[in-house]
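Any value given below was found using the heavy atoms of this structure, including those in side chains, with hydrogens, waters and symmetry copies removed. All figures in this text were calculated on a predicted structure; none of them were measured in a lab.
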Amino acid sequence: MLISKSVVHREGFLTKVNPLLKITFTMITVSIAFALRDLLAASLLVGVLLLLLLLSVRIKLKILLTAILGLILFTALATWTLGDFRAAMINSLRLLAILLPTPLLSATTLPADLVKALQAIRLPAFLVLGIMLTWRFLPIIYQEAQRIIEANQLRGVDLPRQPQRWFSSLFVPLIFRIVTYADDVTVGLETRGYDPNSPRTQAKPLQWRFGDTIFTVGAVFLLVIVGWLQWQSY
């Protein structure tokens with residue numbers, strides 16, 4: 001699978017965890033993040049999510065510094081708007097708690113495991129195929145955007161500093177590349193005789209493992225503590 005140039009995936013504990021558990025954890029975590037009002041609860045949740053992400057993905061220093069700078073600017077803007085540094089910190093941590101679970105899920109879930117999870121919950125075949133293709137081709141789209149930006153730089157066009165040219169010099173060629181990929185995938189599926197309604201079997205079906213138990217206990221423990229800290233703040 002092609003991956004973006006900004007991160008390098010690691011084979012770790014979370015990669016082997018049942019994807020259904022990770023999807024459930026992601027949904028619950030994001031739901032809780034919207035309700036966070038306590039600084040300690042938000043800090044604990046974000047700290048654990050950041051630790052898991054750093055253990056699962058090698059993030060380039062440039063990307064990490066950019067993210068930190070963006071967070072500082074967001075906190076400063078929120079402080080200026082709200083007039084309360086504590087409230088601004090809580091809002092910044094809440095934003096991180098909402099955003100972090102999704103890349104964590106993406107970084108630790110292989111496409112084949114995602115398909116197994118979606119099939120296990122009886123999603124329609126066409127929907128499974130659509131999610132699978134999106135999951136695999138988002139990194140490719142990112143790489144195509146990087147190539148287009150680099151090609152424009154060779155022509156003397158610095159797109160990051162010329163947003164007025166984004167539509168004609170970035171979005172238009174990127175759309176054409178996406179359409180080309182879509183045509184290639186369609187032809188590939190047709191030549192292989194793909195039928196979404198045909199019954200399928202799995203060589204390695206999802207099974208409950210000891211690692212799933214550890215993950216479940218740890219996730220429940222974390223969410224209970226975050227909920228208790230949040231409840232104590234009222």
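- Rounded to the nearest 0.5 angstrom, Asn18 CG and Thr213 OG1 are separated by 10.5 Å.
- For Asp183 (side chain) and Thr180 (main-chain N/O), no donor-acceptor pair under 3.5 Å exists by modelled atom type.
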Quick one: side chains of residues 218-225, donor-acceptor pairs under 3.5 Å with protein atoms, not counting sequence neighbours, listed by atom name and distance.
none

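- Of all heavy-atom pairs spanning Ser168 and Pro173, the tightest one is O-CD, 3.6 Å.
- The side-chain heavy atoms of Ser43 and Leu39, taken from C-beta on, include a pair separated by under 4.5 Å.
- Side chain of Gln230 to main chain of Asp38: a donor-acceptor pair is present (N/O by atom type, distance under 3.5 Å, no hydrogens or angles).
- To the nearest 0.5 Å, atoms CZ (Arg177) and CD1 (Ile141) are separated by 11.0 Å.
- Pairing each heavy atom of Arg209 with each of Lys16, the nearest pair is NH1-O, 4.1 Å.
- Residues forming a side chain to side chain donor-acceptor pair (under 3.5 Å) with Thr216 (at least two apart in sequence, or on another chain): none.
- Considering every non-hydrogen atom in both Ala145 and Leu174, the closest pair reads N-CD1, 4.0 Å.
- Tested against Leu51 for a side-chain contact (heavy atoms from CB on, under 4.5 Å), the candidates Val48, Leu55, Leu54 yield a single pass: Leu55.
- When the side chain to side chain donor-acceptor pair (under 3.5 Å) test is applied to Arg165, no partner is found at least two apart in sequence or on another chain.
- No donor-acceptor pair under 3.5 Å is formed between the side chain of Ser169 and the backbone N or O of Trp166.
- Salt-bridge annotation for Arg147 and Glu150: absent, with no side-chain N of the basic residue lying under 4.0 Å from a carboxylate O of the acidic one.
- Counting heavy atoms from C-beta on, the side chains of Pro19 and Leu114 never come closer than 4.5 Å.
- Pairing each heavy atom of Gln153 with each of Asp158, the nearest pair is NE2-OD1, 4.2 Å.
- By the criterion of side-chain heavy atoms lying less than 4.5 angstrom apart, applied directly or through intervening Ile, Leu, Val, Met, Phe, Trp or Tyr residues, Phe210 is grouped together with Trp208 in one hydrophobic cluster.
- Using a 3.5 Å distance cut-off with no hydrogens or angles, the side chains of Arg155 and Asn152 do not pair a donor with an acceptor.
- Leu69 belongs to a hydrophobic cluster whose remaining members, ordered by chain and number, are Leu73; membership requires side-chain heavy atoms of ILVMFWY residues under 4.5 Å apart, directly or through intermediates.
- The two residues Leu104 and Leu49 have their closest heavy-atom pair at CD2-CD2, 4.3 Å.
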Could you go through residues 77-89 and list every donor-acceptor pair under 3.5 Å that involves a side-chain atom there, pairing it with any protein atom two or more places apart or in another chain?
residue : atom : partner : partner atom : Å
Thr79   : OG1  : Thr75   : O            : 2.7
Thr81   : OG1  : Leu77   : O            : 2.8
Asp84   : OD1  : Arg86   : N            : 3.1

Donor-acceptor pairs under 3.5 Å, side chain of residues 21-31 to any protein atom, not counting sequence neighbours: which ones?
residue : atom : partner : partner atom : Å
Lys22   : NZ   : Leu14   : O            : 2.9
Lys22   : NZ   : Thr108  : O            : 2.5
Lys22   : NZ   : Thr109  : OG1          : 3.2
Thr24   : OG1  : Leu20   : O            : 2.8
Thr26   : OG1  : Lys22   : O            : 2.8
Thr29   : OG1  : Phe25   : O            : 2.6
Ser31   : OG   : Met27   : O            : 2.8

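- Transitive grouping of hydrophobic side chains (ILVMFWY, heavy atoms separated by less than 4.5 Å) brings Leu53 and Leu44 into a common cluster.
- Cluster membership for Leu40 and Ile32, using ILVMFWY side-chain heavy atoms within less than 4.5 angstrom, is shared.
- Leu96 and Ile98 sit in two unconnected hydrophobic clusters of ILVMFWY residues. Membership requires side-chain heavy atoms under 4.5 Å apart, directly or through other members.
- Rounding to the nearest 0.5 Å places CD1 of Ile178 at 11.0 Å from CD1 of Ile140.
- A single hydrophobic cluster is seen to contain both Val17 and Ile214, as judged by linkage of ILVMFWY side chains at heavy-atom distances under 4.5 Å, directly or through other members.
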